[in-house]
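In what follows, chains carry the letters A, B, and so on, assigned in the order in which the sequence lines appear, proteins first and then strands, with residues in each chain numbered from 1.
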Amino acid sequence: MDKETKLKLYRSMVRIRTFENGCRKLISEGKLPARFGMYTGQEAVAAGVSAHLDKGDEIGSTHRPIGHLIAKGCSLKKLLAELCAKRTGFNKGKAGPYHTFDPESGSLGANGIVGGSVPMVAGYALAHQIKKDGGVAVSYFGEGASNQGGVQETLNLAACWELPLVFVCENSSPEVQRMLGHEIDYPQLSIERISDRASAYGMPGSSHDGWDVLEIYEVAGEAVRRAREGKGPTLLEFKVHQIEGNLEGRIEAEEDDRVWCPIHNLKQKLLADGTLTPEIDEKIRKEESAAVEEAIAFALGSPDPEPIEAFDDVFVEGA
Amino acid sequence: MDKETKLKLYRSMVRIRTFENGCRKLISEGKLPARFGMYTGQEAVAAGVSAHLDKGDEIGSTHRPIGHLIAKGCSLKKLLAELCAKRTGFNKGKAGPYHTFDPESGSLGANGIVGGSVPMVAGYALAHQIKKDGGVAVSYFGEGASNQGGVQETLNLAACWELPLVFVCENSSPEVQRMLGHEIDYPQLSIERISDRASAYGMPGSSHDGWDVLEIYEVAGEAVRRAREGKGPTLLEFKVHQIEGNLEGRIEAEEDDRVWCPIHNLKQKLLADGTLTPEIDEKIRKEESAAVEEAIAFALGSPDPEPIEAFDDVFVEGA
Amino acid sequence: MAERVITYSEAINEAHIQEMERDPTVILFGENVSSSWRRATKGLKERFGRERVRDTPITETSFIGMGVGAAIRGLRPIVELMLVDFGLVAMDQILNQMAKSHYMSGGAVKVPMVLRASYGAGTSSGATHSESLYSIFAHMPGMKVVLPSNPYDAKGLLITAIKDDNPVVFMEHRLLGRTKGPVPEEPYTVPFGVANLVREGSDVTVVATGRMVGLVMEAADGLKKEASVEVLDPRTIVPLDEEAILNSVGKTGRLVVVDEDYERCGFSAEVSAIVAEKGFNNLKASVYRVATPNVPLPFNPTLEKQLLPDREKIARAIRNVMA
Amino acid sequence: MAERVITYSEAINEAHIQEMERDPTVILFGENVSSSWRRATKGLKERFGRERVRDTPITETSFIGMGVGAAIRGLRPIVELMLVDFGLVAMDQILNQMAKSHYMSGGAVKVPMVLRASYGAGTSSGATHSESLYSIFAHMPGMKVVLPSNPYDAKGLLITAIKDDNPVVFMEHRLLGRTKGPVPEEPYTVPFGVANLVREGSDVTVVATGRMVGLVMEAADGLKKEASVEVLDPRTIVPLDEEAILNSVGKTGRLVVVDEDYERCGFSAEVSAIVAEKGFNNLKASVYRVATPNVPLPFNPTLEKQLLPDREKIARAIRNVMA
Ligand SMILES: Cc1ncc(C[n+]2csc(CCOP(=O)(O)OP(=O)(O)O)c2C)c(N)n1
Ligand SMILES: Cc1ncc(C[n+]2csc(CCOP(=O)(O)OP(=O)(O)O)c2C)c(N)n1
Ligand SMILES: [Mg+2]
Ligand SMILES: [Mg+2]
């Protein structure tokens, strides 16, 4: 892998974490009304997968959307403005974190219903298949979501129709089964690895560490290529550790969590192979911090929607 | 396998087919208002599976319910009366073929929604698990239904909770993919064998010819035993050939279909091994014909419900 | 020149053909849509190919959601539910994703999709194969809801639906498929939100949709000597032509609403409530609803008949408001 | 003796405990129901064990259907939906299998199950986490629908629900969880179908449910000098205490219905329609609805507030009918 790609992956992860840290700060200051799942600890997945996607490709996301949206290249300003419920947000403050849609970058979209976006992603893929434009779509979902009927139905449908689609399951219960942080009393998964379900749909599948962005980049590349070539869908599983709590502005996780921290992980490797120096690292972090600060300034300085706008957008006007 | 069991299986299949032939006749005479999927050609599955079930065990069925209900031991009279929309039917004429419920025999129940009964069967199994009464429940569904979200969810849930449940998929598209007789343009199944999905739920599974009742009896016995012993669910797949058209009172399928005809199949074997003689065969057929004739007489002689009864049973009275 | 007469199903079929010829982004999928046994979609696969006309697995959640996604990305999918009842397994995709994506996105995406579904009772098919459900679609914001009562409207409303940039639920009554009526050969549209004044009258306004329109006309015929009945068919219940209803009640002072859906919290309640709020001063009598009572639909044909609106029940209601 | 005061969530928790102690067939399952963070079900797993209190996977279709089956076979399951919105993925199991199995079976099976669900807007959670949906449950026949507005009713109605041999949808408003009120320690029942006369008045009847009841009381307080407001809380919308509503309107001659659900084909329409049909002769003024307009609920708190019924909108409606 070339240096540039490695640095791009590194930057993408740093950007996501910096952005979420910014959100944490705003939340603690009461300036950000949104509640949503943080992506901290999972950044390698979105970064590694989206590195293979173009603007015309789509992703579908979840209740934990920040990483997916940012890695896909959405505007930080408009994203933060949306989280702050501002008129300048992607969706004029109507979506919030659970329903953010950005057609421009192909971030389509977050979803408040577990598994809700997955069938829609099949539709993005179908549009590519029919238009024959070589585009692909990626569907992100959690291991909890992997059981939802609509998700399993879509695995079958995508395989039957050989849709250009990559299913990406982020399994946050690789050892202990948890739901929203609660250690559940009965297992929610009847198998150890979600990717064991791939063969049940006649598609290739594999499981990987979600904290190793270089490996993610490789396997996602293969799956995206396969989809682009019209060979149908793939199911990728990445084990992740959700890193809880406020990082208080730090980029890397605390000691305990370092082993799962994709940023710490890649940093060590890049420092070792000479791709990264402390100076370059510093520069990247500063630039990303500046971008997030700019987004914060934009969001906080943006106007609220007028109350009456609540009634707009139920239907396309003039139709 | 002892002679008695073989003859019991044979009789069960003959009963189902005789009953459905009776229905066909009534339909052609305009005396039976129900439309439903015929089970002709699939009798071995219900007969072979239900041979292992007691009254306290349950089955959940589909839009093709006759075989499942009869093999489970429901009253032919009340079943036919229900199909004729009579007051004396299992459900006072309110259910018809798609929603027949007979708690007495554990036939619970037919279902008009593809896959609709499957989650409910998990509930029957849960009741056994909690009551610790050693009971099991069997869920029948087609290969089309196997894709439904609720069915796949239930496979996972039953495995997670180790419910005493046997999933029985009757695959009527073993070679050409068909839906309701129509040869579909795109495949509905992304795999060849439904039982390949068993491992995706961490349960044992296997595929078998659905026209060989002796084999069905064996594998179903193993699955039911496993469930009764608290070892959890199994997914069995049986390939079946739906034999279309009016058999005009004949019990065995026409030449073309004989190879798939479970009754013809068993008959040849039982004649060969001496279990059956033409005389015993004749006797069984006569007895079953008589039972069906009796059911027809009962149904046709039964009163219709009073119009005003339409308003009863929305809620349990006095509650 | 004699008008051409075709069936409701043929009219729907023709709307598909003409729109799919006009606009290559129109595609169609659903269970068995390529089957020659299905009148509304017969011949479309042969004509437009298996890329644009596809049979789906029996997975309503995934294929309706796929329609939503494809619509967001520039296609105009027509997605078919064999029966509207089967949509209950997919209500999140219909009521949240299809209906609300445009709003939730603040207008950033649009969902020009038509969800076609057969509906209705009267075939002795039992509780899971007989429902109307359109009141649920009307209750939830974000989708238009269309209920053609005759072949002319079926064709014109479907063409409008396909051209509309919003999600539209297009509901075809199971018992109207073979109904015949005059239908122009060339493509045309029937606008949404404009009620059809089926019959003018001065004593009582009857609002009815779908198969109910025909029943109301029969009842009105039978009452010719007793009452001059005005019959309004809103054709689309979202958007609803409130003005036409209020104007008519303004003239007649009396209202009966005839609706095949369940009564409680149904479309009939909505029309009553609108008039009780905005037309109260013109009302001379109680507003009656003739709808399906709050009872699941039974298999037995006599029991089913007992529950469904019919000519007699409609006539009784009209007599009641005239009394 | 001073009455004990506890919260709405604590009252619900206590109803669970008392019923699970009384009846060993009562079981509970749903997502994270064994979590100590969930106030309504806190401690139940520790008390009754992991056999009777179970965390499920995120598969509403399968676990609600499982509740139906277990109820048919002699258990009395309480099945929890984290939020009612998530029930949309499982509507067939709720509206067909749960609600109609008793009827479809001609009474041969019964489904004594309680589907508990949080609902409601006002938390800026957006379109898929804010709905009411009870009008849909009321529209479809076969289930009872309960909307407690205070801790006392919450406990008593839940005990009634668990004892009821029919499927009951029990809806807990998200913003009422910490509301306090007097609640007896011993088990008691509040009957279904009996409205609570929250305040007597003579000028106008206001019918309201759930969180709306409190808002109506505030509005009525503010209007004390202008109007004597009678406030009725039906507590259960299926069965509905029509008599209480009609009697009250018979006395006041005026009606406002305040409802958090969407207006179109909603519960507010139903109450209007009942009165327009059966109480018309007593009505002195138009019937007003104060409900959520037919717009998905937006994330932005100001926009959300714009849509929801509040004190001012209620007061305006009361003034309107008094004018
Ligand atoms: C249909 C539905 N059911 C339940 C919920 C509530 N809920 C939101 S997130 C979540 C857990 C999701 O787990 P997983 O898919 O593994 O995602 P993770 O939070 O681990 O990223 C639940 C139960 C929901 N939003 N939608
Ligand atoms: C949810 C739902 N979708 C569609 C239908 C219509 N339908 C009834 S039977 C059937 C085919 C079922 O195929 P399969 O499960 O293989 O059963 P088979 O008819 O082959 O026995 C379809 C599509 C339905 N009843 N329910
Ligand atoms: Mg997870
Ligand atoms: Mg089949």
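The OG atom of C/Ser101 sits 7.5 Å away from the CG atom of A/Asn111 when rounded to the nearest 0.5 Å. Of the inter-residue distances, the one linking C/Asn96 atom CG with A/His99 atom NE2 reads 7.0 Å to the nearest 0.5 angstrom. The structure places CD of A/Gln129 at 11.0 Å from CG of C/Leu75, a figure rounded to the nearest 0.5 Å. Atom CG of C/Leu95 is separated from atom CD1 of A/Ile113 by 10.5 Å, given to the nearest 0.5 angstrom.
Environment of NZ in C/Lys100: crowded, with over 12 heavy atoms of neighbouring residues, nucleotides or ligands closer than 6.0 Å. Heavy atoms from other residues, nucleotides or ligands lying under 6.0 Å from CZ of A/Arg87 number 12 at most. Counted within 6.0 Å of NZ on A/Lys131, heavy atoms from surrounding residues, nucleotides or ligands total more than 12; the atom is thus considered enclosed. More than 12 heavy atoms of other residues, nucleotides or ligands sit less than 6.0 Å from atom CD of C/Glu46. Within a 6.0 Å radius of NZ in C/Lys110, no more than 12 heavy atoms belonging to other residues, nucleotides or ligands are found.
For the pair A/Glu317 and C/Asn166, the minimum side-chain heavy-atom distance is 4.5 Å or more. With contacts defined as side-chain heavy-atom distances shorter than 4.5 Å, the pair A/Leu163/C/Met66 qualifies. A heavy-atom distance below 4.5 Å is not found between the side chains of C/Met143 and A/Val314. In this structure, C/Thr56 and A/Trp161 have side chains that are in contact, with non-hydrogen atoms separated by less than 4.5 Å. Annotation: side chain of A/Phe315 is not in contact with side chain of C/Asp164 (no heavy-atom distance under 4.5 Å). Using a 4.5 Å cut-off on side-chain heavy atoms (C-beta onward), C/Pro57 and A/Asn156 make contact. The shortest side-chain heavy-atom distance between C/Met104 and A/Tyr98 does not fall under the 4.5 Å cut-off.
Among all heavy-atom pairs drawn from C/Asp92 and A/Gly116, the shortest one is OD2-CA, 4.1 Å. Between A/Thr154 and C/Ser62, the shortest heavy-atom contact is OG1-CB, 3.3 Å. The minimum heavy-atom distance linking A/Lys94 with C/Gly106 is given by the pair CD-CA, 4.1 Å.
Neither the backbone nor the side chain of C/Phe192 has a heavy atom closer than 4.5 Å to any heavy atom of chain A. Looking at A/Ala110, neither its backbone nor its side chain comes within 4.5 Å of chain C, counting heavy atoms on both sides. Residue contact with chain A, scored on non-hydrogen atoms closer than 4.5 Å, is absent for C/Val168.
With sequence neighbours left out, the salt bridge (Lys or Arg N to Asp or Glu O under 4.0 Å) criterion links C/Glu21 to C/Arg47. Here C/His102 pairs with nothing under the side-chain hydrogen bond (donor to acceptor under 3.5 Å, both in side chains) rule; sequence neighbours left out.
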Let's go through C/Arg54 and A/Leu126 carefully: what are the C-alpha distance in whole Å and the side-chain angles of both, what is the deciding distance for side chain to side chain contact (heavy atoms under 4.5 Å, CB included) to 0.1 Å, and is it a yes or a no?
CA-CA 12 Å; C/Arg54 302 190 185 197; A/Leu126 176 65; 3.6 Å; yes
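The residue among A/Leu155, A/Leu108, A/Val118, A/Val151 with the most heavy atom pairs within less than 4.5 Å of chain C is A/Leu108.
Checked by atom type and distance alone, the side chain of C/Gln97 never pairs as donor or acceptor with a backbone atom of A/Met120 at under 3.5 Å. Proximity of a side-chain donor or acceptor of A/Tyr124 to a complementary backbone N or O of C/Ile72 within less than 3.5 Å is not detected.
Interface with chain A: from residues 22-31 of chain C, residues C/Ile27, C/Phe29 qualify, criterion being any non-hydrogen pair under 4.5 Å.
Of the candidates A/Asp313, A/Asn91, A/Thr100, C/Ser105 forms a side chain to side chain contact (heavy atoms under 4.5 Å, CB included) with just one, namely A/Asn91.
Here C/Glu51 pairs with A/Lys132 in a salt bridge; the nearest charged N to carboxylate O distance falls below 4.0 Å.
Contacts classified as ring-ring contact (aromatic ring centres under 6.0 Å, His included) and involving residues 71-100 of chain C (residues at least two apart or in different chains) are given here: C/Phe86-C/His129.
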